[in-house]
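I have placed the structure first, in the form of structure tokens, so that the comments after it can refer back to it.
As the structure is a prediction and not an experimental result, all values here were calculated from the model.
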Amino acid sequence: MTQEQNLHQSMTQTAAYDGQPAQLITLSNAHGMEVTFMDIGATWLSCILPVKGNKREVLLGVDSMENFEKQASYLGATVGRYANRIANGRFKIDGMGYKLDGNQSGNTLHGGSDGFDKRRWQLTEHTPLSVVYSLVSADGDQGFPGQLTVSVRYELTEDNRVSIEYFATTDKATVVNLTNHAYFNLLGANSDHDCLSHIVSINASQYLPTNAVGIPLGNLKAVKSTSFDFSQPMMISERLLGDEQQKAAKGYDHSFLLADGCKRDKCAATVTSPDALVTLKVFSTKPAMQLYTGNWLGGTPNRNGGSYEDYAGIALETQFLPDSPNHPEWKQDSCILRPEQEYHYRTCYQFEFSGDYSN
């Protein structure tokens, strides 16, 4: 039985929260890359690369529904209605105030305690290389205004990209910020290696300082001469905990305002494995990206019957800057979606690996 067949079997042995088993779909391309998705949370469950003839799982994940529901790290899930944090769970649109479900230190994280990561999405399209999941979020869901209709399209391309497109419409002005919360370990997610020896570059000249619970302190700050300067490739461990900002978060858990050119297909970030056999390139039309080095992953269930340690994987969450509803002064697209508009953003994770036809 293959790894993917094992995953399909183990993830569906126990029913999900609604009494029905999860539905899993695996896509594979001509080069032997395999990705698996699940309707619960519209989740990216697995990403297997054929590296030097061996199958290497590079995505952190679980192998049972019990563990998926137990974990609180959003492993591979689509998070929303609003990714990242909204201070005190409060914001205003056109002078009208809204109070959201607070689920972390009085703030709203990733949409609230019953966010999109916990819902069963509807499978609305499936081809050999793509899958589309859709969801309707009612007016007032977790305190957010407007009925929001959302879809997420995953596509695996023949040049080894996982392309994720997000679409949404609303019947009332609301805030929307969708992302995927995949954690990558390019040495192998099932190995005992952490992500701290990965080499990272980020196409950004500014990052957003935060307080001890991840809420922005106000203004963006230049990365130059700080431990947040990834303008040149740098090993994560080189400046880990290198200043007070990182010490408060136990590592990197900060947003970077991406260079304008990233919206026009310039690379937003790269991650290279310590053995130099795998490189991940991130492209996105979103204005910002949260770099999270898995600082609090310890105790999260893994696929081996045990649990991950802190820093087991790196998340590269493309999004609006955190708490954007309360900071209209920031130079980025508005996070407010109105009835006459369509929310549409795309993020691509492109893998280059030894043995790949393009290398």
Under 3.5 Å: donor-acceptor pair, side chain of Asn185, backbone of His193: yes
Phe351 and Val58, any side-chain heavy atoms less than 4.5 Å apart: yes
Inspect the contact between Asp141 and Arg119 and indicate whether a charged nitrogen and a carboxylate oxygen are less than 4.0 angstrom apart. yes
Run the numbers on Thr300 and Leu60 for side chain to side chain contact (heavy atoms under 4.5 Å, CB included), then give the verdict. CA-CA 10 Å; Thr300 300; Leu60 270 60; over 6 Å; no
Do you reckon Val35 sits in the same ILVMFWY cluster as Ile40, going by side-chain contacts under 4.5 Å, direct or chained? no
Could you check whether the rings of Tyr207 and Phe256 sit parallel, tilted or perpendicular, using 30° and 60° as the cut-offs? tilted
Is it the case that atom CZ in Arg239 sees more than 12 heavy atoms from other parts of the structure closer than 6.0 Å? yes
Looking only at non-hydrogen atoms, find the nearest pair between Pro209 and Gln245 and report the distance. CA-OE1, 3.4 Å
More than 12 heavy atoms of other groups within 6.0 Å of Asp260 CG: no
Assess whether atom NZ of Lys118 is packed by more than 12 heavy atoms of other residues, nucleotides or ligands within 6.0 Å. yes
Is it the case that one hydrophobic cluster holds both Leu187 and Leu59, taking links as side-chain heavy atoms less than 4.5 Å apart, direct or via other members? no
Would one find more than 12 heavy atoms of other residues, nucleotides or ligands at under 6.0 Å from atom CG of Asp18? yes
Would you sort out whether Thr108 and Gln142 count as a side chain to side chain donor-acceptor pair (under 3.5 Å), showing the intermediate values? CA-CA 9 Å; Thr108 300; Gln142 310 298 291; over 6 Å; no
In the structure I gave you, are the side-chain heavy atoms of His327 and Leu208 within less than 4.5 Å of one another anywhere? no
Check step by step if side chain to side chain contact (heavy atoms under 4.5 Å, CB included) holds for Asn29 and Thr157. CA-CA 7 Å; Asn29 67 13; Thr157 68; 6.0 Å; no
Do Tyr98 and Ile93 make a side-chain contact, defined as non-hydrogen atoms from C-beta onward lying under 4.5 Å apart? yes
Using modelled atom types only, decide if a donor and an acceptor are shared between the side chain of Thr285 and the backbone of Arg346 within a distance under 3.5 Å. yes
With a 4.5 Å cut-off on side-chain heavy-atom distances among I, L, V, M, F, W and Y, is there a chain of contacts connecting Tyr17 to Val62? yes
Assert yes or no for the condition that the ring centre distance of Tyr74 to Tyr183 is strictly below 6.0 Å. no
Quick one: CD on Glu57 to CG on Leu49, what's the gap to the nearest 0.5 Å? 8.5 Å
Give a yes or no on this: more than 12 heavy atoms of other residues, nucleotides or ligands lie within 6.0 Å of atom CD of Glu309. no
Where do Asp333 and Lys263 land on the salt bridge (charged side-chain N to carboxylate O under 4.0 Å, His left out) test, with the steps shown first? CA-CA 11 Å; Asp333 298 346; Lys263 293 180 185 176; 3.5 Å; yes
Does the pair Phe228 and Lys221 meet the rule for a side chain to side chain contact (heavy atoms under 4.5 Å, CB included), with working shown? CA-CA 10 Å; Phe228 293 86; Lys221 183 177 177 182; over 6 Å; no
Which atoms form the tightest heavy-atom contact between Pro322 and Ser255, and what is the distance? CD-OG, 3.3 Å
Criterion salt bridge (charged side-chain N to carboxylate O under 4.0 Å, His left out) on Asp94 and Lys172, from CA distance to verdict: CA-CA 11 Å; Asp94 302 330; Lys172 185 190 296 185; over 6 Å; no
Any side-chain donor near an acceptor of the partner, Gln122 and Asp39, under 3.5 Å: no
Short side-chain donor-acceptor distance under 3.5 Å, Gln246 and Ser227: yes
Ring-ring centroid check Tyr133 Phe37, cutoff 6.0 Å: no
Do we see a donor-acceptor contact under 3.5 Å between the side chains of Ser64 and Ser10? no
Asn295 and Asp310: side chain to side chain contact (heavy atoms under 4.5 Å, CB included), yes or no, with the steps? CA-CA 5 Å; Asn295 314 337; Asp310 289 341; 6.0 Å; no
Any link between Val131 and Val150 through a network of hydrophobic side chains (Ile, Leu, Val, Met, Phe, Trp, Tyr) touching at under 4.5 Å? yes
Are Met33 and Cys47 close enough that some pair of their side-chain heavy atoms sits under 4.5 Å apart? yes
So, taking the atom named CG in Leu196 and the one named CD1 in Ile314, what distance separates them when rounded to the nearest 0.5 Å? 9.5 Å
How about Ser105 and Asn107: does a side-chain donor come under 3.5 Å of a side-chain acceptor? no
Answer whether the closest heavy-atom distance between the side chains of Pro216 and Trp330 falls below 4.5 Å. yes
Beyond-backbone contact of Leu24 with Thr26, side-chain heavy atoms, under 4.5 angstrom: no
Between Tyr154 and Trp44, how do the two ring planes meet: parallel, tilted or perpendicular, split at 30° and 60°? tilted
Which residue is it: Lys286, Glu317, His110, Gln319? I am looking for the one with a side-chain hydrogen bond (donor to acceptor under 3.5 Å, both in side chains) to Asn177. Lys286
Quick one: do the Asn302 and Asn190 side chains pair a donor with an acceptor below 3.5 Å? no
So CZ of Phe144 and CG of Leu100: to nearest 0.5 Å the spacing works out to 4.5 Å
Check whether any side-chain heavy atom of Leu27 sits under 4.5 Å from a side-chain heavy atom of His126, and report yes or no. yes
Restricting to non-hydrogen atoms, name the atom on Met65 and the atom on Ala15 that form the minimum distance, rounded to 0.1 Å. CG-O, 3.6 Å
Rounded to the nearest 0.5 Å, what separates atom OH in Tyr311 from atom CG in Asp194? 9.5 Å
Just by distance, do the side chain of Tyr308 and the backbone of Gly61 share a donor-acceptor pair under 3.5 Å? yes
Value for CG (Asp275) from CG (Leu186), rounded to nearest 0.5 Å, stands at 9.0 Å
Nearest 0.5 Å please: distance from the CD atom of Gln3 over to the NZ atom of Lys55. 6.0 Å
Any non-hydrogen side-chain atom of Thr170 less than 4.5 Å from a side-chain atom of Val176? no
Is there a continuous path of hydrophobic side-chain contacts, each under 4.5 Å between heavy atoms, that joins Leu258 to Leu220? no
Distance-only, no hydrogens or angles: does the His31 side chain make a donor-acceptor pair with backbone N or O of Glu158 under 3.5 Å? yes
So does Gly306 get a backbone contact from the side chain of Asn304, meaning a donor-acceptor N/O pair under 3.5 Å? no
Can a donor-acceptor pair be found, under 3.5 Å and without considering hydrogens, that links the side chain of Asp117 to the backbone of Val79? no
Over 12 non-hydrogen atoms of neighbours within 6.0 angstrom of NZ in Lys99: yes
